[in-house]
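Encoded as structure tokens, the structure appears first; notes follow it.
We count ligands from 1, going down the list as the structure has it; atoms in each ligand are counted the same way.
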Amino acid sequence: MIQLRAKRILRSLLLGLVCFLLISSAVKSQDKPVLTVAVEPVFPPFEFKASNGDFQGFDVDLIRAVGEAGGFGVKFQSIPFDGIIPALQAGTADAAVAAMTITEARSQAVAFSRPYFKAGLAIAVRDGTTGVTKLDDLKGKAIAVQIGTTGAKAASAVPGAKVRTFDAAVLALQELKNGNVDAVVNDSPVTLYAIKTGNLQGIKIVGQLLTEEFYGIPLPLNSPNLQRVNGGLTTILQNGTYAQIYQKWFNAQPPQLPESAFGTAQTAQKTPIGSLSVILNALPTLLKGALITLQLAAVSVFFGLIGGSLIGIARLSALAPVRWAARAYIDFFRGTPLLVQILMIYFGFPALLQSAGLNFTFNQFAAAIVALSCNSAAYIAEIVRGGIQSIEVGQSEAAQSLGLDSVQALRHVVLPQAFRRMLPPLGNTFITLLKDTSLVTIIGYAELLREGQLIIAENYRPFELYAVVALVYLALTLLSSQGFSYLERAMNPVNRSSSRTQKRSLQSESPRAER
Ligand code: GLN
């Protein structure tokens, strides 16, 4: 009897559990899918960060509204503009809002939603500039652009123009403001917004819009979410939400938008190029970049060695203020990121000097060398100090008792021995420096990594290109470490004399062995 009741209770408990699971899974299946949306938050007024760290802008409001109407949630992920298409291809993001112009080339790599914004490129120059109204007027001039954008493409088509690419449009505009370039080619609403908000003074837009472009929301090719996004967009375009968002950010009525950026004609699918041809095509440019990387590292280590030796010796000075100054230098350059130092030297200093009324501009190569040399000097100084201190005091005492003064003792006795001990850590520093040269991409200097990024911005083949770039760096570092090992061997008198004695003893031993 009791057994029967227990069985019944157990059965109803099981039944309850099954019902609960069924209901909860039904509720879950009604849950909206959440799309990871890539965003480049340095392109106001389309996408940027509020002071509390939240994403904001026209695109941000738009995709939230599209999600609401299309039945999906949105989770933002911050990605630089030239990384957005690779991220979509790799599937790390489901969609992106990045004021991205729908172009034929991009349509081969990603699927675009229907157009959601009408924009165009504009030329910006400094206030006093005259005689520039169209692209042709920029022949032979220096133009700053954002990497991988339609502005970069337009600028590179100008004959003889020196195009400098930056990771963000704001950096390109800063470059113009600092007087390092003659013009910036960028999306007109973004340049206008920067001027209007007062964030960018002394800059004006000249001439007519150069292009008519339509922004679209890119998704991976064959994405199942394309329909949801297009459905949501159509709804908000029709129900007035789009106009409200447009009014909020541009204080105007939105223009009419077409249903497709290329009219009704479908873009022809091109057959993708094989990996080997992608690599072979890119190799000459990458090797040129590798030469520049080597040049940067060699020149910087040369100045770094001079500066570092002086600072290292200053660290051992008998005068306390000299020691403190050397210590402060080392602490600063070792304790702050090299990337920040590069930005400070290239963008910060000229801006500071100009605000003080001095007309100062920095050449990219010079700025890169100054930053890399100053940074490596700090590390080399510590190597030099350690090397000198590792030589027993007895050595310089003996040298001085032989009649050498302290400078002569340092030069002829201590330094030659210390230098041998410094070689392995110096080799390490050189290899680190060689890799760190890649950080100067931030100021748009076209070394190895930048050349790779520029090719990716054209062909959207990040895997092959980054793999080759990595291999070229590896080849450079392996070669350098071989070079340093050779130097170590060549400079080691113990090795040299022991190999000589070995030879001598072999010569004298062999006849004895025969005897
Ligand atoms: N609309 C431009 C392009 O698609 C620039 C976009 C951007 O920098 N976020 O190339």
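For Ser188, there are no side-chain hydrogen bond (donor to acceptor under 3.5 Å, both in side chains) partners at least two apart in sequence or on another chain. Partners of Tyr329 by ring pair (Phe, Tyr, Trp, His ring centres under 6.0 Å), not counting sequence neighbours, listed by chain and number: Phe333. Residues passing the ring pair (Phe, Tyr, Trp, His ring centres under 6.0 Å) test with Phe250, sequence neighbours excluded: Phe46, Phe58, Phe117, Tyr246.
Salt-bridge formation is not detected for the pair Arg450/Glu447: no Lys NZ or Arg NE/NH1/NH2 atom is positioned less than 4.0 Å from an Asp or Glu carboxylate oxygen. Salt bridge Asp54/Lys49: absent, no basic N to carboxylate O contact under 4.0 Å.
Within 4.0 Å of ligand 1, counting heavy atoms only, the contacting residues are Glu40, Phe43, Phe81, Ala98, Ala99, Met100, Thr101, Arg106, Gln146, Thr149, Thr150, Asp187, Tyr215.
Checked against Asn186 for a side-chain hydrogen bond (donor to acceptor under 3.5 Å, both in side chains), the options Thr149, Thr191, Thr150 give a single hit: Thr191.
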